[in-house]
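Atoms considered below: every heavy atom in the structure, side chains included; atoms not considered: hydrogens, waters and symmetry mates. Predicted, not measured: the structure shown is a model, and the values here were computed from it. Numbers here are sequence positions counted from 1.
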Amino acid sequence: VQLQASGGGLAQTGGSLRLSCVASRSIFSIPIMGWYRQAAGRQRELVAIISNMGSTEYVDSVKGRFFISRDSAKNTLYLQMNSLKPEDTAVYYCNAGPPYNQWGQGTLVTVSS
């Protein structure tokens, strides 16, 4: 499966952005999909994951602000980001978990203070 992420850009503190990740095939049977991010000089970290049953998990720093969802009809994974903070600035990557272990190309999110 190939993944194409989009939706990044520049936002102000407190603003919102929605990231999208379109898959080249049906995502219905992909057990786990997720969003990760990598800030400059830091390791890539998990932001949120969602199962094909709709169960979600978030890193503590984004709980209550970010919301992950998936639309199997559109083969698309989303990340709604609200109340953005400068520390959310990073390149965001979508991921299809095992057995695919596939990454999207990344989309840059910059939050200005």
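Under a hydrophobic clustering in which Ile, Leu, Val, Met, Phe, Trp and Tyr are joined whenever their side-chain heavy atoms come within less than 4.5 Å, directly or via other members, L46 and M33 fall into different clusters. No continuous path of ILVMFWY side-chain contacts below 4.5 Å connects W103 to L3, so the two sit in separate hydrophobic clusters. Two different hydrophobic clusters hold I49 and Y78 under the rule that ILVMFWY side chains link at heavy-atom gaps under 4.5 Å. V91 and V62 are assigned to two separate hydrophobic clusters, defined by single-linkage of ILVMFWY side chains at heavy-atom distances under 4.5 Å.
Taking a 6.0 Å sphere around CD of E87, one finds it holds more than 12 heavy atoms contributed by other residues, nucleotides or ligands. Sparse packing is recorded around CD of Q12, with 12 or fewer heavy atoms of other residues, nucleotides or ligands lying under 6.0 Å away. The environment of Q80 atom CD is dense: over 12 non-hydrogen atoms of other residues, nucleotides or ligands sit within 6.0 angstrom.
Without hydrogens or angle criteria, T89 side chain to T110 main chain gives no donor-acceptor distance under 3.5 Å. Proximity of a side-chain donor or acceptor of T13 to a complementary backbone N or O of S112 within less than 3.5 Å is detected. Although no hydrogens or angles enter the test, the distance criterion places no donor-acceptor pair under 3.5 Å between the side chain of T107 and the main chain of S6.
K63 has a carboxylate O that lies under 4.0 Å from a charged side-chain N of D60, or vice versa, which qualifies the two as a salt bridge.
For the pair V109/M81, a side-chain contact is recorded, criterion being any heavy-atom separation below 4.5 Å from C-beta on.
Rounding to the nearest 0.5 angstrom, the gap separating the OH atom in Y93 from the OH atom in Y36 is 13.5 Å. The structure places NZ of K74 at 9.0 Å from OG of S20, a figure rounded to the nearest 0.5 Å. A distance of 14.0 Å separates CD in Q4 from CG in N75, rounded to the nearest 0.5 Å. Between atom OG1 of residue T56 and atom CZ of residue F67 there is a gap of 9.5 Å, rounded to the nearest 0.5 Å. Here the CG-CG distance, from L79 to L77, works out to 7.5 Å after rounding to the nearest 0.5 Å. Here the straight-line distance linking atom NZ of K85 with atom OG of S113 works out to 14.0 Å at 0.5 Å rounding.
Considering all non-hydrogen atoms of both residues, D71 and I27 come closest at O-CD1, 3.9 Å. Of all heavy-atom pairs between F28 and S72, the closest is CA-OG, 3.7 Å. Here the shortest heavy-atom pairing between T76 and V22 reads OG1-CG2, 3.8 Å. The nearest pair of heavy atoms linking I50 to S69 is CD1-CA, 3.8 Å. Closest non-hydrogen pair, A96 versus V1, comes out as CB-CG1, 4.1 Å. For A48 against I68, the heavy-atom pair with the smallest separation is O-CD1, 3.6 Å.
Among V59, L84, L19, the one residue that satisfies the side-chain contact (heavy atoms from CB on, under 4.5 Å) test with F66 is L84.
One side chain, Y92 or R37, offers a donor N or O that lies under 3.5 Å from an acceptor on the other.
Pairs passing the disulfide bond (SG atoms under 2.5 Å apart) check and including a residue from residues 28-88, sequence neighbours excluded, do not occur.
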Next item on the list: For N82 and S16, run side-chain hydrogen bond (donor to acceptor under 3.5 Å, both in side chains): C-alpha distance rounded to whole Å, both residues' side-chain angles, the deciding distance at 0.1 Å, then the answer.
Entry: CA-CA 4 Å; N82 302 323; S16 297; 3.0 Å; yes
Check: Can I30 and N52 be said to form a side chain to side chain contact (heavy atoms under 4.5 Å, CB included), step by step?
Finding: CA-CA 6 Å; I30 299 178; N52 57 358; over 6 Å; no
